[in-house]
Amino acid sequence: MNLDRKHTDAFLAVIDTGSFEQAAGRLHVTPSAVSQRVRALESQLGNPLVVRTRPCHATRLGQRLLQYLRRARLLEEDLVAELAGEGDAPLNVVMAVNADTLATWFFPALADELAGERVLLELSVDDQDHTYALLESGRAVGCVSTEPKPMRGCSAEPLGAMRYRLVAAPDFAAERFPAGLQREAARRAPVVAFNRKDMLQSRFLAQHFALQPGNYPCHYVPVPGPRLEAIARGLGYGMVPELQLGEAIAQGLLIDLAPDLPTDVMLYWHTWKVQSPRMEYLSARIVAAGQRTLLAGPAG
C-alpha cells in the first residue's frame with residue numbers, strides 16, 4: 001500500500017497544529033483541501049485517523065500512523081542529506097523531556113553534541129511520569145521517562161537516578177516546622193509543586209505521614225527556575241533536584257527538611273530501535289550524558 005505524500009503531510013500538519021485551519025496555513029492550501037486529503041487517507045486505511053475536536057488529536061490508529069511517519073521522515077531526511085552530500089543539513093527531532101532534566105543536565109551535557117550534529121530540536125515538556133505517553137502517541141521520537149519497560153519496537157536505556165531534596169527557606173522552616181518535619185505541621189504548610197501531575201511531594205507525604213493530596217495547601221509553579229525561587233522566597237516547600245540546588249543548602253540559603261530521606265527517581269531514555277544514523281548517534285550521546293551526570297541508581 002502506497003501512502004500519498006500530500007495526504008500524510010496534511011495528516012501530520014493537523015496533528016501538529018491541532019486544527020485543519022492552522023494546518024492549511026502551514027501547507028499554504030485551503031482548510032477544505034486539508035480536510036479532503038485527510039479524508040482520502042482515512043478512506044484508504046479504512047478507519048478514522050483524526051478526532052475532530054479542539055484541538056484535534058489522533059485516534060489509536062492515527063497514533064500508529066504518526067509513529068511510523070515520524071520515524072520514516074527522520075530516516076528519509078538523513079538518507080537524502082547523505083546522498084546529496086549534505087551531511088551537515090539539520091535534522092528535525094521531536095523529543096519529550098521532563099522539566100527538571102532540562103533545568104539541570106540536558107543542555108550542559110549535550111549542547112556541543114547538538115550543535116555539532118546540526119540538530120533542530122522540538123521539545124515537548126511534561127512530567128517525567130507522562131512523557132512516555134507522547135512517544136506512545138507518536139508525538140515524539142524519543143523521551144526521558146520514569147517508565148522502565150520499552151513499548152514494542154522501542155528500546156529503553158537507563159540514564160540514572162535524579163536525586164531530589166525536600167527543601168524550604170530558613171525562615172519558612174523555622175516558622176512552619178519549628179520542631180522539624182512532622183505530620184501536623186506538614187498538613188498546614190503549603191507545598192510548591194510543579195503542576196497537578198507532579199507526584200513527588202504527594203508520594204512523600206503519603207508514604208511518611210499518610211497525607212493524601214487535598215489534605216494540605218499547594219501552590220503550582222510550572223517552571224523549574226521560578227518554582228525554586230518561590231521556595232527560596234518562603235512561599236512553601238518542595239522537592240528540588242540536587243543538581244539544581246548547587247551549594248544552596250551548604251550555604252544556608254535553603255534547609256533540607258528530610259536530610260536522611262532523599263527521593264531518587266530513575267530515568268530512562270526511550271526511542272525506536274530502527275533509527276536514522278544521526279538519531280542513533282544522538283541517542284547514544286543522551287544516554288552517555290545521563291549516565292555520566294545522574295546517580296548510578298536509587299538509594300537502597
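Between the CG atom in Leu257 and the CZ atom in Phe204 there is a gap of 8.5 Å [rounded to 0.5 Å]. A distance of 11.0 Å separates CG in Leu135 from CD in Glu147, rounded to the nearest 0.5 Å. Here Glu136 contributes atom CD and Gln63 contributes atom CD; the two are 7.0 Å apart, rounded to the nearest 0.5 Å. Here the straight-line distance linking atom CG of Leu166 with atom CG of Leu200 works out to 10.0 Å at 0.5 Å rounding. The distance from the CG atom of Asp16 to the OG atom of Ser19 is 11.5 Å, given to the nearest 0.5 Å. Atoms NE2 and OG, on His57 and Ser137 in that order, are 10.5 Å from each other to the nearest 0.5 Å.
Salt-bridge formation is not detected for the pair Asp9/Arg26: no Lys NZ or Arg NE/NH1/NH2 atom is positioned less than 4.0 Å from an Asp or Glu carboxylate oxygen.
Every salt bridge (Lys or Arg N to Asp or Glu O under 4.0 Å) that Glu42 has, sequence neighbours left out, goes to Arg52. Qualifying salt bridge (Lys or Arg N to Asp or Glu O under 4.0 Å) partners for Arg64, counting only residues two or more places apart in sequence or in other chains: none.
Annotation: Phe177, atom CZ; neighbour count of heavy atoms from other residues, nucleotides and ligands within 6.0 Å is above 12. Residue Gln44 qualifies as enclosed at atom CD: its count of foreign heavy atoms under 6.0 Å is above 12. More than 12 heavy atoms of other residues, nucleotides or ligands sit less than 6.0 Å from atom CZ of Arg183. Residue Asp171 qualifies as open at atom CG: its count of foreign heavy atoms under 6.0 Å is 12 or below.
Residues in residues 129-163 take part in these ring-ring contact (aromatic ring centres under 6.0 Å, His included) pairs, two or more places apart or across chains: Tyr132-His270. Applying the salt bridge (charged side-chain N to carboxylate O under 4.0 Å, His left out) test to residues at least two apart or on different chains, the pairs with a partner in residues 194-206 are Asp126-Lys197, Asp129-Arg203.
Cluster membership for Leu12 and Leu61, using ILVMFWY side-chain heavy atoms within less than 4.5 angstrom, is shared. Using a 4.5 Å cut-off between side-chain heavy atoms of Ile, Leu, Val, Met, Phe, Trp and Tyr, with links allowed through other members, Ile255 and Tyr164 fall into the same hydrophobic cluster.
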Would you be so kind as to tabulate the donor-acceptor pairs closer than 3.5 Å made by side chains of residues 282-295, with sequence neighbours excluded?
residue, atom, partner, partner atom, Å
Ser283, OG, Trp269, NE1, 3.1
Ser283, OG, Gln275, OE1, 3.0
Ser283, OG, Met279, O, 3.1
Gln291, NE2, Pro158, O, 2.8
Thr293, OG1, Ala289, O, 2.8

Could you list the donor-acceptor pairs under 3.5 angstrom formed between side-chain atoms of residues 234-244 and any protein atom two or more places apart in sequence or on another chain?
residue, atom, partner, partner atom, Å
Glu242, OE2, Arg165, NE, 2.9
Glu242, OE2, Arg165, NH2, 3.1
Gln244, NE2, Pro224, O, 3.2

